[in-house]
Amino acid sequence: MYETLEVLKQVTRALEQVGVPYRVGGSVASSALGVPRATLDIDIVADLKPHHVTPLAHLLGQDFYFDQAHALEAIQRRSSFNLLHLDKAIKVDIFLLNPTPFEQSAFAREHRIRLEEPPPPYSVSFCTAEDILLHKLRWYEMGGRSSERQWGDILGILRVQTTLELDYLRRWAEELGLAELLEQALAQAPLD
């Protein structure tokens, strides 16, 4: 996990230097906000614009494989592209901010986490626990409710986070068609 956090800090520093708003999501976020587990990649949602691509590539320099044409295409299509740290073989998936109401709401919320390791300490912008939970529920549902890893991440967040905004969770779960699944998770990992 040390190398993953090293790469995370390097990419988020570059995004901040270029002025790109971002949020760390996926398994890195669910590990930071729930029960830690090993992960093979880093997921970041970013509000990246075409004028950010060249300066970002310059900052990441020789350490990453970064296909600028692919990044520009992803920006145009509002999809995703990836970076690959060449020495550490760690993949960073950059998802372009989606204009849907839920994605906009989730992106407007932020949970900064100060990462002490590896030195020096650095504060990184994460999705909130509620929004990670909703994203994980959605991925679990889209995967046919078969991923034990996704379900474990969901339960891990619920067991670790003691001050979740349940009204927010239930409102968006209803909106996203995940209300029954959320209630199942809450029953399996009851909040104190």
Side-chain angles (χ1 to χ4, degrees), residues 1 3-5 7-8 11-12 22-48 70-71 73-75 77-85 88-111 113 124-161 164-191:
M1 192 64 158
E3 286 188 336
T4 300
L5 294 178
V7 171
L8 175 66
V11 172
T12 57
Y22 72 90
R23 302 288 180 268
V24 176
S27 297
V28 170
S30 64
S31 290
L33 298 166
V35 176
R37 71 167 172 87
T39 183
L40 302 174
D41 66 351
I42 299 168
D43 294 336
I44 297 175
V45 176
D47 193 10
L48 193 69
H70 191 142
E73 182 181 311
I75 291 168
R77 293 182 181 197
R78 306 307 298 170
S79 59
S80 66
F81 67 97
N82 56 54
L83 310 169
L84 180 64
H85 194 282
K88 296 176 176 42
I90 295 173
K91 185 173 68 131
V92 181
D93 292 316
I94 306 287
F95 296 89
L96 279 294
L97 178 60
N98 193 307
T100 66
F102 171 63
E103 296 298 334
Q104 293 292 318
S105 172
F107 198 77
R109 297 158 41 92
E110 175 187 40
H111 182 79
I113 297 177
V124 175
S125 179
F126 281 76
C127 293
T128 66
E130 293 86 358
D131 295 313
I132 290 299
L133 186 60
L134 289 162
H135 279 100
K136 289 281 182 178
L137 286 167
R138 191 161 56 177
W139 282 107
Y140 183 71
E141 179 70 22
M142 289 176 9
R145 299 185 179 197
S146 62
S147 173
E148 289 180 30
R149 191 172 275 193
Q150 293 284 7
W151 191 248
D153 289 346
I154 292 163
L155 298 179
I157 293 168
L158 288 171
R159 289 182 177 129
V160 170
Q161 298 296 317
L164 290 170
E165 296 177 43
L166 290 177
D167 289 343
Y168 178 89
L169 272 172
R170 286 187 168 117
R171 178 171 53 90
W172 279 111
E174 183 69 35
E175 190 93 14
L176 297 168
L178 301 169
E180 175 265 327
L181 196 54
L182 173 62
E183 294 307 323
Q184 180 185 339
L186 288 169
Q188 202 167 334
L191 301 172

Residue pair Phe81 / Leu48, side-chain heavy-atom distance below 4.5 Å:
yes
When Ile44, Asp43, Asn82 are each screened for side-chain contact (heavy atoms from CB on, under 4.5 Å) with Val92, the one that passes is Ile44
Closest non-hydrogen atoms of Ala173 and Leu182, given as atom of the first, atom of the second and distance, are CB-CD2, 3.7 Å
Task: Crowding at CD, Glu183 (>12 non-hydrogen neighbours, <6.0 Å) - done: yes
Exercise for review: Please confirm whether the backbone N or O of Leu33 pairs with a side-chain atom of Gln161, one donor and one acceptor, at under 3.5 Å?
Suggested key: yes
Arg138 vs Gln150 side-chain heavy atoms within contact, under 4.5 Å: no
So is Arg109 actually on top of Tyr168's ring, under 6.0 Å and inside 45° of the axis? yes
Here the gap from Cys127 atom SG to Lys136 atom NZ, rounded to the nearest 0.5 Å, amounts to 11.0 Å
Item to complete: Determine yes or no for a side-chain-to-main-chain donor-acceptor pair under 3.5 angstrom, with Tyr22 supplying the side chain and Val45 the backbone.
Response: no
Report task. May I ask you to check whether Trp172 and Glu130 show a side-chain donor-acceptor distance below 3.5 Å? Result -> no
Here the pair of heavy atoms bringing Leu164 nearest to Ala129 is CD2-CB, 3.7 Å
* Asked: Looking at Arg37 and Glu148, does any basic side-chain N land under 4.0 Å from a carboxylate oxygen?
  -> no
task: Evaluate the side-chain proximity of Phe107 to Asp131: yes if any heavy-atom separation is below 4.5 Å, no if none is.
output: no
Does a side chain donor of either Ser125 or Arg23 reach within less than 3.5 Å of an acceptor in the other side chain? yes
- Under 3.5 Å donor-acceptor, Ser105 side chain and Pro101 backbone: no
